[in-house]
Amino acid sequence: MVNYVITHYTGNLDQPGIRAFVQSTALVKAEVLFFTSNTEVPDSLKAPNIHWILVPRKVEPNLQRHYDFLNFLEAEKPMGKFFICDCRDLVFLGDPFQNLSGHEHLHVFQECGLFRNRDEYYNMRWLEMMYPGALDVLGDFPILCGGTILAECREIAEAYLRAHTASITRHLPNRTVELSDQATFQEVARFYTDPTTLITHTNEEPSLVYTMGNVPDDEYAIRDGRIWVGPYCPAVIHQFDRRYRAFKFISETYPHWPQFPNA
């Protein structure tokens, strides 16, 4: 059975973040399904494990990607485990498919250690894009990352993607501002995903994914060629470009970045 990394990018492929992502996939025992609307792929991104899938360019690619993923899985019916992820600000330092228990779980991961009562605005920025009062409906919960999702079988991946595309389709006609798939993902994870299959990972135990967007700088350590969070050594590092020490480490591991983006 084959493992799959699934990602989507319709912007400029010839940039350091994408190159770092592609290089780091060599550490993962998986095939990479890379969806893009770019007809030209830079030579620096070509590798035997990368399979380029051309899709039409849409006005809102962050929303369209979920439909593209679902259409592909339903049509091709690949068998295996699926890590659905971002690519511009994500690298692998290990293999997230190792040491998984069970075969019908959907793994979701905390965004950056923030809860509603710790940073109201951070949640509202996404959730109020769906409809007024979304925060009250969803209640107190850790923000989850819509850019890192792992399904242990195709049926679970399809069930999640059907629920997510249904949520997007439901909210699009009534939106008053730009709709964020981060917002719809929060809704799907809580109300439309089978809770018996859901495993939620927090930043206190980042055994698979560590999303760094707003974590304290002293929460993680760098040693032995890895990023550590307490006793854990996450296989996937996400949003590293928002933390200088992590960015410096990644830029030295995959030396493509000209400077720290926020410098």
Report task. Kindly indicate whether the side chain of Arg154, heavy atoms from C-beta on, has any atom under 4.5 Å from the side chain of Lys77. Result -> yes
Report task. Check whether any side-chain N or O of Arg226 sits under 3.5 Å from a backbone N or O of Pro234 as a donor-acceptor pair, and report yes or no. Result -> yes
Report task. Can you sort out the partners of Trp52 under ring pair (Phe, Tyr, Trp, His ring centres under 6.0 Å), two or more places apart, ordered by chain and number? Result -> Phe34
Query raised in the report: Which heavy atom of Leu13 sits nearest a heavy atom of Thr36, and at what distance?
Result: CD1-OG1, 4.0 Å
Query raised in the report: How far apart are the C-alpha atoms of Phe109 and Val236, what are their side-chain angles, what is the distance that settles it, and do they pass the side chain to side chain contact (heavy atoms under 4.5 Å, CB included) test?
Result: CA-CA 11 Å; Phe109 305 91; Val236 178; over 6 Å; no
Requested in this report: Would you kindly confirm whether Leu54 and Leu73 end up in one hydrophobic cluster when ILVMFWY residues are joined by side chain heavy atoms under 4.5 Å apart?
Outcome: no
Query raised in the report: Are Tyr9 and Gln15 close enough, and set up right, to give a side chain to side chain contact (heavy atoms under 4.5 Å, CB included), and what steps lead you there?
Result: CA-CA 12 Å; Tyr9 201 78; Gln15 58 172 293; 3.0 Å; yes
Query - CZ-CG distance between Arg190 and Leu198, expressed to the nearest 0.5 angstrom - result: 8.5 Å
Requested in this report: State, with a plain yes or no, whether a side-chain heavy atom of Arg57 is found less than 4.5 Å away from one of Asn38.
Outcome: yes
Report task. Could you pull out the closest heavy-atom pair between Ala246 and Tyr220, with the gap in Å? Result -> N-OH, 3.3 Å
Requested in this report: Hey, could you give me the NE2/NZ distance between His105 and Lys81, rounded to the nearest 0.5 Å?
Outcome: 11.5 Å
Query - ring pair (Phe, Tyr, Trp, His ring centres under 6.0 Å) partners of His164, counting only residues at least two apart - result: His66, Tyr160
Query raised in the report: Do Ile50 and Val28 belong to the same hydrophobic cluster, where Ile, Leu, Val, Met, Phe, Trp and Tyr are linked whenever their side-chain heavy atoms lie under 4.5 Å apart, directly or via other members?
Result: yes
Query - Over all atoms of both residues, closest heavy-atom pair of Leu90 and Gly147 - result: CD1-O, 4.4 Å
Report task. Quick one: pull up OG1 in Thr200 and CG in Leu106 and give me the separation to the nearest 0.5 Å. Result -> 8.5 Å
Report task. With sequence neighbours left out, write down each residue that passes ring pair (Phe, Tyr, Trp, His ring centres under 6.0 Å) with Tyr232, or none if nothing qualifies. Result -> none
Requested in this report: Rounded to the nearest 0.5 Å, what's the gap from OG on Ser167 to CG on Leu172? Could you check?
Outcome: 9.0 Å
Query - Check: Thr193 side chain, Val188 main-chain N or O, donor-acceptor pair, under 3.5 Å - result: yes
Query raised in the report: In terms of hydrophobic clustering (I, L, V, M, F, W, Y; side-chain heavy atoms under 4.5 Å; direct or indirect links), are Leu70 and Val108 co-clustered?
Result: yes
Query raised in the report: Is there a path from Val209 to Trp228 through hydrophobic residues (I, L, V, M, F, W, Y) whose side chains come within less than 4.5 Å of each other?
Result: no
Query - Phe83 and Leu208, any side-chain heavy atoms less than 4.5 Å apart - result: no
Query raised in the report: How many angstroms lie between NZ in Lys248 and CZ in Arg245, if you round to the nearest 0.5 Å?
Result: 11.0 Å
Query raised in the report: Just wondering, do Met212 and Glu219 contact through their side chains at under 4.5 Å, heavy atoms?
Result: no
Requested in this report: Could you tell me which non-hydrogen atom of Lys58 sits nearest to which non-hydrogen atom of Gln64, and how far apart they are?
Outcome: CG-CG, 3.0 Å
Query raised in the report: Just wondering, more than 12 heavy atoms not from Lys29 lying within 6.0 Å of its NZ?
Result: no
**Report entry** Partners meeting side chain to side chain contact (heavy atoms under 4.5 Å, CB included) with Leu27 (sequence neighbours left out)
**Finding:** Tyr254
Query raised in the report: Side chains of Phe185 and Ile149: does their closest heavy-atom pair fall under 4.5 Å?
Result: yes
Query raised in the report: Could you walk me through whether Glu31 and Asn3 pass the side chain to side chain contact (heavy atoms under 4.5 Å, CB included) check?
Result: CA-CA 6 Å; Glu31 299 295 313; Asn3 297 326; over 6 Å; no
Query raised in the report: Does some side-chain heavy atom of Ile227 sit less than 4.5 Å from a side-chain heavy atom of Phe240?
Result: no
Query - Any side-chain heavy-atom pair of Leu45 and Arg19 under 4.5 Å - result: yes
Query raised in the report: Under the side chain to side chain contact (heavy atoms under 4.5 Å, CB included) criterion, do Tyr244 and Asp217 qualify, and how do the steps go?
Result: CA-CA 9 Å; Tyr244 179 74; Asp217 199 52; over 6 Å; no
Query raised in the report: Shared ILVMFWY cluster between Val2 and Ile84, side chains joined below 4.5 angstrom?
Result: yes
Query raised in the report: For the side chain of Gln182 and the backbone of Gly146, is there at least one donor-acceptor N/O pair under 3.5 Å apart?
Result: yes
Report summary line: Scanning both residues in full, the closest heavy-atom pair of Glu104 with Thr197 reads O-CB, 3.3 Å
Query - Ile222 side, atom CD1; Glu252 side, atom CD - distance, nearest 0.5 Å - result: 8.5 Å
**Report entry** Which residues share a ring pair (Phe, Tyr, Trp, His ring centres under 6.0 Å) with Phe35, sequence neighbours left out
**Finding:** Phe69, Phe72
Query raised in the report: Do Arg65 and Asp181 meet the salt-bridge criterion of a basic N to acidic O distance under 4.0 Å?
Result: yes
Report task. Using the test side chain to side chain contact (heavy atoms under 4.5 Å, CB included), find all partners of Thr202 that sit at least two apart in sequence or belong to another chain. Result -> Gln110, Glu204
Query raised in the report: Any salt bridge between Arg170 and Glu187, counting N to O under 4.0 Å?
Result: yes
Report summary line: Heavy-atom nearest pair, Pro96 first then Leu150, reads O-CD1, 3.8 Å
Report task. Side-chain contact test, heavy atoms from C-beta onward, threshold under 4.5 Å: evaluate it for Phe97 versus Val5 and give yes or no. Result -> yes
